[in-house]
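Just so we're on the same page: letters track the sequence lines, and every chain starts at 1.
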2 protein chains.
Amino acid sequence: MDVRQLRMLRELAERGSLSAAAAALHLSPSAVSQQLAALQRAAPVPLTEKRGRRLALTAAGQALAEAAVDVAAALDRAERAVQEHLESPAAPVAVCAFHSAARAWFPPLLEAVAAAGGPPLRCSDHDVAQDDFPRLVADHDLVVAHRPSSGPPWPRRTVRVVPLLSEPMLVAHSAQHPLARSRTLRVADVADQPWIGVHEGYPLAGALQAVAVAAGRPLEVVHRINEFFVAAAVVATGRAVALLPAHTTHPDPRLVLRPLEDLDVRRSIDVLCRPEALHRRSVRQVLDLLHAVAAPPAA
Amino acid sequence: MDVRQLRMLRELAERGSLSAAAAALHLSPSAVSQQLAALQRAAPVPLTEKRGRRLALTAAGQALAEAAVDVAAALDRAERAVQEHLESPAAPVAVCAFHSAARAWFPPLLEAVAAAGGPPLRCSDHDVAQDDFPRLVADHDLVVAHRPSSGPPWPRRTVRVVPLLSEPMLVAHSAQHPLARSRTLRVADVADQPWIGVHEGYPLAGALQAVAVAAGRPLEVVHRINEFFVAAAVVATGRAVALLPAHTTHPDPRLVLRPLEDLDVRRSIDVLCRPEALHRRSVRQVLDLLHAVAAPPAA
DNA sequence: AGCGGCCCTTTAGCATCGCTTCATGGACGT
DNA sequence: ACGTCCATGAAGCGATGCTAAAGGGCCGCT
């Protein structure tokens, strides 16, 4: 039972002649005639009959034509099904972020989305090696990722990148640290300090590398700590310095965060997603709210 | 949006892998892959994605697959639509009969069909030239027709013929007629009477012709009257004789109806219909009841 | 880590199908 | 009786959907 043939039957029913139906379908009368003949083969009783020189439907044909209406309607709905899914506010939106971004933005984002009557959120934190961030888009609609601004960009082929924030990376040292005495900080001032770096391959490894390049020699990395709040606690002991993000680091009276005068070290915080993810209205809405939430304080 | 492609998508959703879907559809995996690719072209977002080495549906694909269920259901209903129409007790059955049959059987048939909970009836009387009876099946499900038993049969090619009754044709003459004095009636007795015939081409013309043939000479047909009750009234005047059917003629004390001893003149009363008309349960039911109603009195 | 198997995709080639054009045969109106 | 309109059938062509075979990714096994 072919949909095209059913459509032809309906057209014949409504137009009253095979020629008119063919014209409406942009086909030759012969084509319609042949297809109706094929449809007839599957039916035990005649569906059409000649009335004068026109072709008309029998009662059985009319019964079939009426059933064909439902088929066409169901097909219409199927064609819209994907689009409706894209517009649907009921489907959850999965967001993931690296730890510090998650800590800073998940709470206000959940509030904002709820306040806006947005979709249900599925939040999860994932801190992975830089190369692994793009793969997270397979399981999450929006992936908040970061990388050193000086490093290699995200692979534009496979993921869409929406910039969220460009955040300065500051040198963090203890308030009691000798560096605290100098008014400004330069690369040369910190090049010989014991550093806290991140694990190999993790996003901000390149940031510290930029300092080393500017200093002209390798830095002494004595600790490898990915979590900024852990690193901050170690920095507070005064036994090492670290590069910490300006905005997303929790204020701590025991720490001093200062920029390097002669080197602009930054990290880029971006939202990665599959291109098709942005087709979903809900995902766009969450992304917009994420932008609002992540906007650096006006002050 | 092709139904076959939607079916493949559903099968993929339910079987969990393209190969399994292909096997279920009795197709090669390649065919399914190509058709799904074609379906994908019509969608703005991916419908499938590789999960491990299997192919799985995305959320959008699942939305479409669900819509495809309705399409399949509607198609199923369409395929049954014709059959259901054939079984439907609601569709009216159109019956037509020549006048005397209509007068005799329409009332009891209506009663019988109503008593049996049968379909609504559309009765109409049509007395037409013999050649025109077969054409009536275009507008009526059942056509009660008659013809001289000795004449040409109905065209079996175009219509189905269901015998209803074989009815003797009797010579009708006035009770006061000289013929009333003879104990039996033979062809020779009536060959010289003034006859009432039917109009040219009408079904029972051939019956009178049979008498003429037996007599070996043309009969003198002084009146041409199709309606038996009109003919009966004229016969009652004693001025002419006629051939009238044995059972469907209304009893009249002024008339005598007697068979010819040496010639069996009969008419066949048949039901004509299109072959497909008998596919309808309702039509068969009415036909059965018509048989019961038309059964000659047991006496 | 290497390897074999499973699964999906791609390509090429083939059979079928559906369409158009052209020709034929009825039915209607003039 | 003719011309017109309508539906159908035959022939041919292009498109489509299939199979088979080759290719590549992913997994599990050793």
| request: Measure from CZ on B/Arg54 to P on D/dG28 and round the result to the nearest Å. | output: 11 Å

| Atom-pair distance (CD on B/Gln40; P on C/dT10), nearest Å | 12 Å

| field | Atom-pair distance (CG on A/Leu55; P on D/dG9), nearest Å | value | 11 Å

| query | A/Arg51 has an atom CZ; how far is it from atom C1' of C/dG26, in whole Å? | reply | 17 Å

| request: Using a heavy-atom cut-off of under 4.0 Å over every strand shown, decide if A/Ser19 touches base, sugar-phosphate, or nothing. | output: sugar-phosphate

| request: Using atom CG of B/Asp2 as one end and atom P of D/dT16 as the other, report the distance to the nearest whole Å. | output: 12 Å

| query | C/dT9 phosphate, OP1 or OP2: any side-chain N/O from B/Ser33 under 4.0 angstrom? | reply | yes

| message | Using only atom types and a distance under 3.5 Å, with no angle test, would you say the side chain of B/Ser282 pairs donor to acceptor with the backbone of B/Ser88? | response | yes

| query | What does B/Ser30 touch in the nucleic acid at a heavy-atom separation under 4.0 angstrom: a base, only the sugar-phosphate, or nothing? | reply | base

| said: Tell me the interatomic distance from A/Leu27, atom CG, to D/dA15, atom C1', rounded to whole angstroms. | reply: 14 Å

| Does any non-hydrogen side-chain atom of A/Leu272 lie less than 4.5 Å from one of A/Leu136? | no

| Taking the inter-plane angle between the rings of B/Phe98 and B/His146 on a 0 to 90° scale, is it parallel (under 30°), tilted (30 to 60°) or perpendicular (over 60°)? | parallel

| message | Looking at A/Arg147, I'd like to know if its CZ atom is crowded, meaning that more than 12 non-hydrogen atoms belonging to other residues, nucleotides or ligands lie closer than 6.0 Å. | response | yes

| Between A/Val32 and A/Gly52, who's closer to the 5' end of DNA chain C by nearest nucleotide? | A/Val32

| said: Please determine whether the number of non-hydrogen atoms from other residues, nucleotides or ligands lying under 6.0 Å from atom CZ of A/Arg284 exceeds 12. | reply: yes

| message | Using a heavy-atom cut-off of 4.0 Å across all strands, would you classify A/Ser28 as base, sugar-phosphate, or nothing? | response | base

| message | Measure CG/B/Leu25 against P/D/dT19 and give the value in whole Å, please. | response | 10 Å

| message | Could you tell me how far apart A/Glu49 (CD) and C/dG26 (P) are, to the nearest whole angstrom? | response | 19 Å

| field | Nearest-nucleotide comparison on DNA chain D, the residue closer to the 5′ end among A/Arg53 and A/Gln34 | value | A/Arg53

